[in-house]
Amino acid sequence: MVSGSCTDEVTLNVSAARLWKGAIEEPHILYPKLMPDFFSKAERIGEGVGAINVFYFAPAANLPPGSLNKNKIEVLDEATFTFKNSSVEGGLLGVLVKSQTYESVFVPSGAHSCVTKLKFEYETIGDKDLTEQELKATRDGSIGVLKATEGYLLANPDVYA
């Protein structure tokens with residue numbers, strides 16, 4: 001087993017509060033709407049910490065038919081805009097990794113901007129670390145949904161205002 005992590009910081013031109021509402025409180029509603037070629041549908045089972053977000057991937061995502069990703073919410077702190085989830089099914093879990101967690105912290109940097117700090121932690125199955133290509137795909141996916149959310153919120157200034 002190899003433990004690893006990677007971090008990213010992304011500056012977005014929407015407030016931390018608006019980004020929180022779209023990307024954290026309602027990703028199951030927003031992501032399929034913003035990226036229908038990637039997410040065919042999504043749902044949230046339960047509420048708050050312990051809830052499960054389930055994302056079903058569309059055929060255009062170039063993943064095996066029926067692919068999905070289930071994530072359990074571990075931290076949901078709106079006061080500090082901190083969110084953390086752990087994968088319980090799908091994605092790299094059981095294929096390349098034994099466990100994986102994602103953490104997002106939205107740090108306000110102005111009235112209409114924030115810096116998003118992302119952290120991905122994992123433990124591999126076996127003694128091989130994830131490749132740069134595997135890590136890049138994970139990082140690009142996380143940043144991509146945030147950028148899509150930013151674009152939608154910029155185009156719709158009354159949403160989550």
Side-chain angles (χ1 to χ4, degrees), residues 1-12 16 19-78 80-107 114-152:
M1 171 179 68
V2 175
S3 295
S5 67
C6 58
T7 60
D8 288 292
E9 284 192 13
V10 181
T11 299
L12 299 169
L19 190 61
W20 177 266
K21 288 177 185 172
I24 304 304
E25 290 182 355
E26 295 190 354
H28 56 293
I29 295 168
L30 200 56
Y31 291 177
K33 179 179 178 178
L34 299 181
M35 297 165 279
D37 289 342
F38 197 74
F39 298 110
S40 61
K41 66 180 180 174
E43 63 183 315
R44 178 168 286 168
I45 302 167
E47 293 183 27
V49 172
I52 304 288
N53 285 324
V54 185
F55 298 97
Y56 300 88
F57 296 103
N62 293 320
L63 297 169
S67 290
L68 59 84
N69 199 339
K70 289 184 181 179
N71 303 302
K72 180 181 177 185
I73 297 173
E74 304 287 348
V75 175
L76 189 63
D77 186 347
E78 187 173 5
T80 62
F81 299 118
T82 301
F83 172 79
K84 186 174 185 178
N85 69 26
S86 60
S87 293
V88 295
E89 183 181 342
L92 301 176
L93 192 66
V95 178
L96 296 174
V97 300
K98 178 180 162 184
S99 66
Q100 63 184 23
T101 62
Y102 295 90
E103 182 177 66
S104 303
V105 180
F106 305 146
V107 180
C114 66
V115 174
T116 301
K117 297 180 179 187
L118 302 168
K119 185 174 187 178
F120 171 58
E121 297 180 302
Y122 59 90
E123 291 184 350
T124 64
I125 296 172
D127 294 330
K128 183 180 170 199
D129 200 358
L130 297 179
T131 66
E132 286 300 317
Q133 183 178 5
E134 291 160 343
L135 287 172
K136 182 178 177 354
T138 297
R139 295 165 96 171
D140 288 353
S142 297
I143 293 169
V145 294
L146 289 172
K147 290 284 192 180
T149 303
E150 173 193 41
Y152 175 76

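The first residue in the sequence is number 1, and the count goes up from there.
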Step by step, would you call Tyr122 with Leu130 a side chain to side chain contact (heavy atoms under 4.5 Å, CB included)? CA-CA 9 Å; Tyr122 59 90; Leu130 297 179; 3.7 Å; yes
Can you measure from OG1 (Thr11) to CD (Glu150) and round to the nearest 0.5 angstrom? 9.5 Å
Contacts under 3.5 angstrom, residues 68-76 side chains, donor-acceptor by atom type, not counting sequence neighbours:
from, atom 1, to, atom 2, distance (Å)
Lys70, NZ, Glu89, OE1, 3.3
Asn71, OD1, Ser87, OG, 3.1
Glu74, OE2, Ser86, OG, 2.6

Check whether any side-chain heavy atom of Val107 lies under 4.5 Å from a side-chain heavy atom of Cys114, and answer yes or no. no
Do Thr7 and Lys117 come within less than 4.5 Å of each other through their side chains, counting heavy atoms only? no
Step by step, work out the side chain to side chain contact (heavy atoms under 4.5 Å, CB included) result for Tyr102 and Ser142. CA-CA 9 Å; Tyr102 295 90; Ser142 297; 3.9 Å; yes
Contact summary for Asp127 and Met1, nearest pair of heavy atoms: OD1-N, 2.8 Å
What I want to find out is whether Lys119 reaches Glu121 closely enough, with some N-O distance under 4.0 Å, to be called a salt bridge. yes
Arg44 versus Ile24, closest heavy-atom pair with distance: NH2-O, 2.8 Å
Taking Val2's backbone N and O only, do any of them form a donor-acceptor pair with Thr124's side chain (distance below 3.5 Å, no angle check)? yes
Distance-only donor-acceptor hits, side chain of residues 25-40, under 3.5 Å, sequence neighbours excluded:
from, atom 1, to, atom 2, distance (Å)
Glu25, OE2, Trp20, NE1, 3.2
Glu26, OE1, Tyr160, OH, 2.7
Tyr31, OH, Ala23, O, 3.4
Lys33, NZ, Tyr152, OH, 3.0
Ser40, OG, Tyr56, O, 3.3

Please tell me if the side chains of Thr149 and Leu19 come closer than 4.5 Å, counting only heavy atoms from C-beta onward. yes
So how far is it from Leu96 CG to Glu134 CD, rounded to the nearest 0.5 Å? 5.0 Å
Could you walk me through whether Leu12 and Lys147 pass the side chain to side chain contact (heavy atoms under 4.5 Å, CB included) test, one step at a time? CA-CA 8 Å; Leu12 299 169; Lys147 290 284 192 180; 4.0 Å; yes
